[in-house]
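To start, the structure itself, in structure tokens.
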Amino acid sequence: MELDFGPAVRDFRDEVRDWLADHLVGEFAEHRGVGGPTDGAAWEVRLAWDRELSAGGWLGVGWPREYGGRGLGLLEEIVFEYEYARVNAPYRATVNALDLLGPMLLAMGSAAQKKRFLPPILAVEELWGQGFSEPGAGSDLASVRTRAERDGDEWVVSGQKVWTSFGMHADWLYVLTRTDPQSARHKGLSLLLLPTDQPGVEIRPIRNLAGQDEFAEVFLSDARTGADMVVGEVGQGWRTAMATLGIERGTTLLPQQLTFEREAEALIDLARERGALDDPMLRRRIVDAWISVRIMRTTNLRTIAELTAGRTPGPQATTAKLYASTRHQQLGQLATELAGSAGQIVGEDYGLDTRQRSFLLSLAETIYGGSSEIQRNIIGEQVLGLPKEPRP
């Protein structure tokens, strides 16, 4: 896939390409494509790579200069993410802070919060985890029960969070809490910034199907944080949380789509090796898989065009996540079938090859970031105008 974003950013694109060619070498080059939203592989290498990016000024391309960013525009951010994905660089270890918390603080944080937290994020000095989901409040975040009570100049937080990505490495958490005990559903929630290095925080790893422990569950028992650690307004945490998830829906699917396209190309190569293209039924499924990644490309480009024009993205931005996650699972399933018995054999210590890891990890894609069931409800109610689903 090759895209030209026009003469206005061509010099910037060339600068990105030259830097990546000079620095994505040695151990970093050996780990091209490693890691992902649900893959904690080669953590120390990826952390070192993030520090390399930081030293080159490539973290927070669109963040204000006063916080350590480059102060560039949305188009430059998109160009960087595209070029980064094009060379299959390691998945950034600091993605939670870079793609979610940081933009949220820029949009809704106080001046003091921005000054305190943004520079250490770009310097890779502090790592963050997201404390949204709970055992009884996964995709339905309005059911959050973790409570925070005001005690003088502090908030006292108790509850449990689960599926915290890279939580074992987090120095801080941004936690959705219920600050009004009499409230229900979307009301009375607040988003707090909470340090993990204290007696009231216990973080336990959760191992996934691929043998990785990037997920964690977090137990909060009278954990404390400052009264000034509320992002946005007290009681308006739902709006803050939705803004964060909205950021996640922005341009993050473009690099993901490039990965899927590479997997589709590898699938076609595998089919040729196995002679599968002679089977009309398999050939039809392979063509369908290739068409799906092309649809993802077109959808993402439409969204990017609307964003760079200053418009609110249309319905395709809402459907993109649902489509990409379900089709990626089908792509992985087909690749596993084509691999035959080799696709069922793992290496020493449950070592997985790239194809196996991608398929197993894709099973979580229809859950994290909003489950497919929730996405279908959103599309039905907000895009198609259908009646809301009855609540018990």
Side-chain angles (χ1 to χ4, degrees), residues 1-17 20 32-33 36-37 58 60-63 70 72-89 91-92 95 98-100 103 243 245-268 286-332 358 362 365-366 368-370 372 375-376 378-379 382-384:
M1 178 180 177
E2 183 67 33
L3 295 179
D4 188 345
F5 292 93
V9 291
R10 203 160 286 158
D11 289 344
F12 176 75
R13 179 205 63 187
D14 292 342
E15 181 187 358
V16 176
R17 288 184 176 180
L20 288 171
R32 287 179 187 268
W58 295 108
V61 168
W63 294 19
R70 289 200 174 202
L72 300 178
L74 176 62
L75 186 55
E76 284 84 1
E77 288 187 69
I78 292 170
V79 168
F80 174 76
E81 292 296 344
Y82 170 74
E83 293 298 330
Y84 189 91
R86 192 177 65 87
V87 298
N88 205 22
Y91 190 82
R92 292 189 288 273
V95 66
L98 288 170
D99 290 356
L100 298 175
L245 295 177
I247 292 165
E248 189 177 20
R249 297 283 189 270
T251 59
T252 56
L253 285 179
L254 177 60
Q256 190 180 53
Q257 181 266 316
L258 281 171
T259 300
F260 297 170
E261 193 161 308
R262 276 191 288 267
E263 291 179 6
E265 291 169 351
L267 173 70
I268 294 172
I286 293 167
V287 170
D288 186 56
W290 176 245
I291 290 173
S292 72
V293 297
R294 302 291 289 193
I295 291 173
M296 291 180 209
R297 177 199 290 197
T298 301
T299 299
N300 290 332
L301 292 178
R302 287 177 60 198
T303 301
I304 288 171
E306 291 172 338
L307 287 169
T308 54
R311 298 191 298 268
T312 300
Q316 82 282 349
T318 307
T319 60
K321 194 269 182 185
L322 174 65
Y323 184 81
S325 59
T326 53
R327 294 312 299 253
H328 188 219
Q329 288 180 357
Q330 294 169 15
L331 177 64
S358 176
S362 73
E365 291 173 13
T366 49
Y368 70 71
S372 291
Q375 296 303 313
R376 291 187 179 98
I378 292 173
I379 293 168
Q382 299 183 15
V383 177
L384 301 178

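For reference, positions follow the sequence shown, starting with 1.
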Item to check | Considering all heavy atoms, the nearest L267-A289 contact | outcome: CD2-CB, 4.1 Å

Next on the checklist: I need the minimum non-hydrogen distance between V293 and W290, along with the two atoms involved.
Outcome noted: CG2-O, 3.0 Å

Checklist entry - Which pair of heavy atoms, one from P103 and one from L98, lies closest together, and at what distance? => result CD-O, 3.2 Å

Checklist entry - Would a 4.5 Å heavy-atom cut-off, applied to side chains only, mark R86 and R17 as touching? => result yes

Next on the checklist: For a 4.5 angstrom cut-off between non-hydrogen side-chain atoms, does W58 reach V16?
Outcome noted: yes

Checklist entry - With R262, which residues qualify under salt bridge (charged side-chain N to carboxylate O under 4.0 Å, His left out), at least two apart? => result none

Checklist entry - Are any non-hydrogen side-chain atoms of E83 and V79 less than 4.5 angstrom apart? => result yes

Checklist entry - What pairs with Q382 under side-chain hydrogen bond (donor to acceptor under 3.5 Å, both in side chains), at least two apart in sequence or on another chain? => result none

Item to check | Close side-chain approach of F260 and R327, heavy atoms under 4.5 Å | outcome: no

Checklist entry - About how many Å separate NE2 of H328 and CG of L331, when rounded to the nearest 0.5 Å? => result 5.5 Å

Checklist outcome for this item: Nearest heavy-atom approach of E76 to F12 is O-CE2, 3.2 Å

Checklist entry - How long is the span from the CG atom in D288 to the CD1 atom in I295, to the nearest 0.5 Å? => result 8.0 Å

Next on the checklist: Looking at every heavy atom in both E365 and S325, which two are closest together, and how far apart are they?
Outcome noted: O-CB, 3.4 Å

Checklist entry - What's the shortest heavy-atom distance between S358 and E263, and which atoms? => result OG-OE2, 2.8 Å

Checklist entry - Atom CG of L301 and atom OH of Y82: how far apart are they, to the nearest 0.5 Å? => result 9.0 Å

Checklist entry - Roughly how far apart are I378 CD1 and K321 NZ, rounded to 0.5 Å? => result 10.0 Å

Item to check | Between CE on residue M296 and CG on residue N300, distance to nearest 0.5 Å | outcome: 8.5 Å

Checklist entry - Between F80 and E15, is any pair of side-chain heavy atoms under 4.5 Å apart? => result no

Checklist entry - Are side-chain heavy atoms of R32 and V87 found at a separation under 4.5 Å? => result yes

Checklist entry - Which value, rounded to the nearest 0.5 Å, describes the distance between T326 atom OG1 and R376 atom CZ? => result 7.0 Å

